[in-house]
Structure formats: C-alpha cells, structure tokens
There are 2 protein chains.
Amino acid sequence: MSPRLSLKFAFAAATILAAFGGVGHAAPQPTTPAQDKAAITAVMSEYNQALNASSTNDCLALYAEDGVFMPPYSPSAVGKAAVRQAYEHVFKTITLHVKFTIAEIVEMSPQWAFVRTNSAGTNKVNATGAMSAEGNQELFIFKKGADGQWKIERYSFSPTNPPHE
Amino acid sequence: MSPRLSLKFAFAAATILAAFGGVGHAAPQPTTPAQDKAAITAVMSEYNQALNASSTNDCLALYAEDGVFMPPYSPSAVGKAAVRQAYEHVFKTITLHVKFTIAEIVEMSPQWAFVRTNSAGTNKVNATGAMSAEGNQELFIFKKGADGQWKIERYSFSPTNPPHE
C-alpha cells in the first residue's frame, strides 16, 4: 500500500469507528473485577452524598429503571416512579447525616454484584428538630447496564439500634 | 467387541462412575432456569415452615456456611455460628405465624439468584403472650453450592408496618 493509500485507509477506518462511537450503541468495554469494584465503590460514595444532601434527584440517578427500594415501615417501592415518591417522603420527614462503611462487595457475575454496608450518624426530624442516633445495615444489589454503568436494582435495609419505645 | 467383552467394558465403566459418584465430588448436573426457580421456591417454602415451627436447626440448614442474616434492631449476624445465635434469640423472644408471598425470583447467573418477598401474619411475644400483626418485606440472595443445593447467602428484611410508638 502506498503511504497515501494507507493514510486514506486509516482515515476511513477512523471515520467508521467514530460513527459507531457516535450512535452510542457500542457494547461497553470488558472490565476487570477490580475496575468493577472501584466503579461500585464510587456509586456508593455518590449515594452517601445524595442522602446527606437530601437530594431525591441525585439518589434516583443511581437507580435502574425497574429498581426497588425497600425502606422500613413502608411497603416496597417498585419501579423508578415509586422509588422517587419514597425518597421524597423520606427527605420531607427527616434529614440524615450518615456515613456508609462497606462491609463487602461481591461480584456474582460480570453484570451483577451485591454490596453489604453499615451506616451510622444522626437523623433529624424536620418537623420538630429532634435529633437521634441513626444506625443501619444495608444490602444493595447492583446491575451493570448496557452503558457500562452500575445501577441499584434492589435495596433493603433496617435499623441496627433497638426500636424507640 | 464380543458380547462378553462389551459386558466387561460396561461393568468397568459403571464401577468407575460409581467410584466418582461415591466420593461426592461429581459436578452437579446442569439445571434449567425453570428447575432452579422450582428448587428455590421449595427452599423458600421450607424456610417459611421452619420460621413458623420456631426451629433454629431447620432455618440453619438452609444457610450457606458464610451466610449473613440481617434482622432489624440487631447487628448483622455474619457466618453460621452468629446466624444460629440470632435465630435462637428470635425464637426465644417471639413466636411467628406468617406466610411468605414471593414477589419475584431473579436468576442472576447459573450460581446466583435473588428472591424478593412479602410476609404477613401474627407475632406473639413469648414473655407476655401479646399478639400483634406482622408485616415484612424481604430480600434473599441465594447461591447454588457445589452439591447443587441453593442456600441463603444474604438475607435482609424490614417491617412494612409503622413502628409501635
């Protein structure tokens, strides 16, 4: 191939690659378990920040479309619209200042992982300003979407402190 | 092959197969997703019965060695010894009569599945005989062991009823 032809060929190849990249349907690059763990850890950190910021939108951005949120004292919120309502209710009622500690991240397949955590901090009742100690245990199931993003598919948690009586 | 040789060969093959079967290290037969769902549904039914029978042993038989039980108002019980203690405490404190309803069984890989359920029924405080309505939402993560049995790896749940105040 002459240098000119070779250049033409390379340009054509680059154009084709750019076109495929441009439509955004390219399969995500394969990732290593270490990369997946780092990505999931980053999502957990974003979730922690979203919770302390009382931001329904930031929490929702981390959920899959068919995600399920299972907060105590409330029926399971199934699907993103119900999950949104549930977070709006939480943030209207209380303000959280908590820190999540990851106990384990287990990758079950290249697409699925679970995360078990503990969280501790304070809980302020917005209506009265009353503060209490918050302590919870959490189980998240994550799925990696076609876009390569890890999203919350299922999330169940419960308090570790005795009930207020 | 003569009929006699053929018989000898078949006998030798059967002996080898029996020996491999006998040591119990044969890989489990591949199963279909429908078979896995049926097997997991059966384990859920056994768990429901074990709970209503207040049987720690029957509950424990359904857990993986490194299983984690996350009951509300108590730290996560990590590993079978801690899980046993947690169930002993539950059954000493209360007697349950509940029915689980499976909302979904999702097979994440040939080895991993999750189950989301609701349970409802009654809860009797053993010390006082006081009865109350029990309503919970549950998230189980199951793993299929080398023996082909689906076992509880992680289990988180919380009440759906408002707290007693």
Side-chain angles (χ1 to χ4, degrees), chain A residues 64 66-79 82 86 89 93-94 101-120 123 125 130 132-144 152-165, chain B residues 64 66-79 82 86 89 93-94 101-120 123 125 130 132-144 152-165:
Chain A
D66 63 349
V68 179
F69 174 44
M70 303 165 71
Y73 317 125
S74 168
S76 308
V78 179
H89 177 74
T93 311
I94 58 170
T101 305
I102 295 176
E104 56 176 347
I105 300 179
V106 176
E107 196 160 5
M108 299 178 281
S109 82
Q111 267 203 307
W112 291 94
F114 71 78
V115 182
R116 185 167 60 83
T117 58
N118 287 279
S119 65
N123 170 339
V125 178
S132 62
E134 185 78 7
N136 291 292
Q137 54 197 335
E138 298 88 8
L139 185 62
F140 295 83
I141 299 178
F142 278 90
K143 188 179 184 184
K144 190 196 240 178
I152 300 168
E153 276 287 344
R154 303 292 179 270
Y155 171 30
S156 167
F157 70 99
S158 72
T160 48
N161 297 328
H164 309 278
E165 302 224 358
Chain B
D66 62 348
V68 179
F69 175 43
M70 302 165 71
Y73 316 126
S74 169
S76 308
V78 179
H89 177 73
T93 312
I94 59 171
T101 305
I102 294 176
E104 57 177 346
I105 300 179
V106 175
E107 195 160 5
M108 299 178 280
S109 82
Q111 268 203 306
W112 291 94
F114 71 78
V115 182
R116 185 167 60 81
T117 58
N118 287 280
S119 64
N123 170 338
V125 177
S132 62
E134 185 76 8
N136 291 291
Q137 54 195 335
E138 297 88 9
L139 184 61
F140 295 83
I141 299 177
F142 278 90
K143 188 179 185 185
K144 191 196 241 177
I152 301 169
E153 276 286 346
R154 303 293 180 269
Y155 171 29
S156 168
F157 70 99
S158 72
T160 48
N161 296 329
H164 309 277
E165 302 220 5

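Convention: sequence-line order gives letters A, B, ...; per-chain numbering from 1.
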* side-chain contact (heavy atoms from CB on, under 4.5 Å), paired with A:Gln137, selected from B:Pro75, B:Ser76, B:Ser158 -> B:Ser76
* Out of curiosity, A:Thr160 OG1 to B:Tyr73 OH, how far, rounded to the nearest 0.5 Å? -> 11.5 Å
For residues 108-117 of chain A, please give each side-chain donor-acceptor pair under 3.5 Å, one per line with the distance, not counting sequence neighbours.
{"unit_1": "A:Ser109", "atom_1": "OG", "unit_2": "A:Gln111", "atom_2": "N", "d": "3.1"}
{"unit_1": "A:Ser109", "atom_1": "OG", "unit_2": "A:Trp112", "atom_2": "N", "d": "3.2"}
{"unit_1": "A:Arg116", "atom_1": "NE", "unit_2": "A:Glu104", "atom_2": "OE2", "d": "2.7"}
{"unit_1": "A:Thr117", "atom_1": "OG1", "unit_2": "A:Glu138", "atom_2": "OE1", "d": "2.6"}

* Asked: salt bridge (Lys or Arg N to Asp or Glu O under 4.0 Å): which pairs involve residues 105-115 of chain A, sequence neighbours left out?
  -> none
* Any side-chain heavy atom of B:Phe157 within less than 4.5 Å of one from A:Ser156? -> no
* Proximal component of B:Leu139, with respect to chain A [non-hydrogen, under 4.5 Å] -> both
* Structure fact -> chain A shares the most heavy-atom pairs under 4.5 Å, among B:Asn118, B:Val68, B:Val78, B:Asn136, with B:Val68
